[in-house]
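Residues take their numbers from the sequence shown, with the count starting at 1.
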Amino acid sequence: MKASEKLSLISQVQDDVDYLLNKKKSCHYIQKVFAFWIMGLSLYSVFCFIIDNINIYYQLYNFSFYYPIKNSCQIGFNCILLILLWKSINKVISLQERKFLKTWFIFPLLISSEQIMSCIMTYINADFLFTFYLTFPMSMIINIIMLFYIHYYIRQRYILWIIGINIVYLIFSFLYSIYFPTLTNISLFTQTLFSLIDIIKTYLIACILSNLFVVLYMGGENNEQHI
């Protein structure tokens, strides 16, 4: 083992001892794992966005092979992302952070499971799936619960602000998704607003942005501590 690796290991052991004795919180590895997950989730969302737009432009939905290939790719992407994320968590040296991340992993698992189920349910009951995902943003609820869990660990007020914004948006988007189909005269504004809500929900934008802000603030806190 190199001298630098030995020093790093000794430093981490000291951090773990501080955690056991003083309950001192550490976020160094958590920030890295969160950043990895956000990057993977962003790539997945960009992939889905590009495929959906190619589908509309070239009318690929007319071909029988399109949806099986698209759904298989989405399922495979989510499975690979979860496997890589779990491996990255197990590589975390810090006992404190690894313990937190293994419980936190439930939330990415639920979000990916929702994406996988949306692919599978199309072969079971397409009408039910359309109605459910049109009105009930399950990923947003999972994201809010996840933010509460992160706040339980970090105990920073800025996370409560992020949670509050997510709750307000969740209520608004849910009510508007119910209200929109009842409209008899649909204006350009109401149609655009509905499309924007659908894009945010479909491509997990609220989830990505929420966790991106958490990571950025974590990085700012770490930088301040090292000054």
Residues at least two apart in sequence or cross-chain that pass side chain to side chain donor-acceptor pair (under 3.5 Å) with S45, listed by chain then number, are none
Are there more than 12 heavy atoms of other residues, nucleotides or ligands under 6.0 Å from atom OH of Y57?
no
Any side-chain heavy-atom pair from Q96 and Y153 closer than 4.5 angstrom?
yes
Quick one, N143 and N211 - any side-chain contact, counting heavy atoms below 4.5 Å?
yes
Checking V46 against Y203 for the side-chain contact (heavy atoms from CB on, under 4.5 Å) test, could you report, in this order, the C-alpha distance in whole Å, the side-chain angles of both residues, the deciding distance, and whether it holds?
CA-CA 8 Å; V46 170; Y203 301 110; over 6 Å; no
Give the intermediate values and the outcome of ring-ring contact (aromatic ring centres under 6.0 Å, His included) for residues F180 and F194.
CA-CA 7 Å; F180 182 78; F194 181 78; 4.2 Å; yes
Sequence neighbours excluded, the answer for side chain to side chain donor-acceptor pair (under 3.5 Å) partners of N53 is none
Any side-chain heavy atom of M146 within less than 4.5 Å of one from S210?
no
Heavy-atom pair of closest approach, residues Y67 and N55
OH-ND2, 4.1 Å
In Å and rounded to the nearest 0.5 Å, what is the CD1 to CG distance from I111 to N78?
10.0 Å
Is there a side-chain contact between S112 and F77, using heavy atoms and a 4.5 Å cut-off?
no
If you take all heavy atoms of I116 and I75, which pair is closest and at what distance?
CG2-CG1, 4.1 Å
Taking the side chain as C-beta and beyond, is there a heavy-atom pair between W37 and L84 under 4.5 Å?
no
Mind listing the closest non-hydrogen atom pair of R98 and V92 along with its distance?
NH1-O, 2.6 Å
Side-chain (Q74) to main-chain (C119) donor-acceptor, under 3.5 angstrom
no
Output every pair passing salt bridge (charged side-chain N to carboxylate O under 4.0 Å, His left out) with a member in residues 72-94, not counting sequence neighbours, ordered by first then second residue.
none
Salt bridge (charged side-chain N to carboxylate O under 4.0 Å, His left out) contacts touching residues 46-70 (sequence neighbours left out)
D52-K70
Check whether the ring centres of Y149 and F100 lie less than 6.0 Å apart, and answer yes or no.
yes
Closest approach of Y176 to T190 (non-hydrogen atoms, all atoms of both residues):
OH-O, 2.9 Å
Please report the shortest heavy-atom distance between A206 and I200, naming the atom on each side.
N-CG2, 3.9 Å
What pairs with T182 under side chain to side chain donor-acceptor pair (under 3.5 Å), at least two apart in sequence or on another chain?
none
Decide yes or no for Q115 and L204: does some side-chain heavy atom of the first lie under 4.5 Å from some side-chain heavy atom of the second?
yes
How close do C27 and E97 get, counting heavy atoms only, and between which atoms?
C-OE1, 3.2 Å
Show me the pairs that pass salt bridge (charged side-chain N to carboxylate O under 4.0 Å, His left out) and involve residues 26-35, at least two apart or across chains.
none
